[in-house]
> 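My questions all concern the structure below.
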Amino acid sequence: MDCTSITDCFGIMHINPKPTQIKSLILSLQDPQTDVCPHPDVSISHYNTGHLLTYHKNKILTLENLEPTNKTMKILKNISQKDAIQLFSALNNDQFDPIINRPWIESDLWSLKL
C-alpha cells in the first residue's frame, strides 16, 4: 500500500493527510480537550517503509520501524510543535533524510520501563 496515515489522540485515522491536517492535529495536542485522552499523542505511519513517527504532548518524538524484526525505538526530547510538523510533513512526502539525520537516542523496546 503506497500511502501514509495520521492518527489523532482520539484514535481517528486520516489517510494521506494534507499539510493543513498535519499542522492542525499536532497543534490540537495543546487543546484542553486532549487532557482526557488516554494517549495524548499524534502519529503518522508510512506504509511502504514501516516508519512510524509519534509526537507526544510532553514534546517527545519517537521513531519506530514497524517491521517485526526491528525492536528499537528512537527518541528525541524537547521537540517543538514546529519541528514536529516539519518532520511529519517530511515523512508524509517520502523525505527520510531530514528524519533519519536527527540526533536520535536509541532504545531497545524490550528494555523500556513503562
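Quantities reported herein were computed from a predicted structural model and do not represent experimental measurements. Residue numbers start at 1 and run along the sequence shown.
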> How many angstroms lie between CD in Glu106 and OG1 in Thr72, if you round to the nearest 0.5 Å?
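One gets 4.5 Å once the value is rounded to the nearest 0.5 Å.
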
> Taking the side chain as every heavy atom from C-beta outward, state whether Ile105 and Leu76 have any pair of such atoms under 4.5 Å apart.
no

> State which residue, out of Leu25, Ile44, Ile26, Ile85, fulfils the side chain to side chain contact (heavy atoms under 4.5 Å, CB included) condition with Tyr55.
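So the option named by the test is Ile26.
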
> Please walk me through it: do Ile75 and Ile60 pass side-chain contact (heavy atoms from CB on, under 4.5 Å)?
CA-CA 7 Å; Ile75 302 166; Ile60 290 178; 3.8 Å; yes

> Quick check: closest heavy atoms across Met13 and Ser5, and the distance to 0.1 Å?
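What the structure gives for the nearest pair is CG-CB, 3.7 Å.
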
> Is it true that a side-chain atom of Asp31 and a backbone atom of Gln33 form a donor plus acceptor pair closer than 3.5 Å?
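Yes, Asp31 side chain to Gln33 backbone: donor-acceptor pair under 3.5 Å.
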
> Measuring from atom OG1 of Thr34 to atom CG of Asp8, what distance do you get when rounded to the nearest 0.5 angstrom?
10.5 Å

> Side chains of Pro17 and Thr4, heavy atoms from C-beta outward: is any pair under 4.5 Å?
yes

> Quick one, Leu63 and His51 - any side-chain contact, counting heavy atoms below 4.5 Å?
yes

> To the nearest 0.5 Å, what is the distance between CE on Met73 and CH2 on Trp104?
10.5 Å

> With a 4.5 Å cut-off on side-chain heavy atoms, are Gln95 and Pro98 touching?
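With C-beta onward as the side chain, the pair touches.
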
> Are Phe88 and Val42 side-chain neighbours, meaning at least one heavy-atom pair lies under 4.5 Å?
yes

> Is there side-chain contact between Arg102 and Asp83, with heavy atoms separated by less than 4.5 Å?
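Result yes, sub-4.5 Å side-chain heavy-atom pair found.
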
> Nearest 0.5 angstrom please: Ser28 OG to Lys23 NZ, how far?
13.0 Å

> Is there a donor in the side chain of Asp94 and an acceptor in the side chain of His46, or the other way round, less than 3.5 Å apart?
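On atom types as modelled, these side chains qualify, holding a pair under 3.5 Å.
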
> Check the pair Leu61 / Thr54 against side-chain contact (heavy atoms from CB on, under 4.5 Å), numbers first and verdict last.
CA-CA 6 Å; Leu61 184 73; Thr54 304; 6.0 Å; no

> Taking C-beta and beyond as the side chain, do Thr62 and Leu53 meet within less than 4.5 Å on heavy atoms?
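A side-chain contact under 4.5 Å is absent here.
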
> Quick one: pull up CD1 in Ile6 and CG in Leu91 and give me the separation to the nearest 0.5 Å.
9.5 Å

> Would you give the length of the straight line joining atom CD of Gln86 to atom CD1 of Ile79, rounded to the nearest 0.5 angstrom?
10.5 Å

> Given Gln30 and Gln81, is the side-chain contact (heavy atoms from CB on, under 4.5 Å) satisfied, shown in steps?
CA-CA 10 Å; Gln30 299 309 313; Gln81 290 178 329; 2.9 Å; yes

> If you take all heavy atoms of Leu29 and Lys57, which pair is closest and at what distance?
O-CE, 3.0 Å

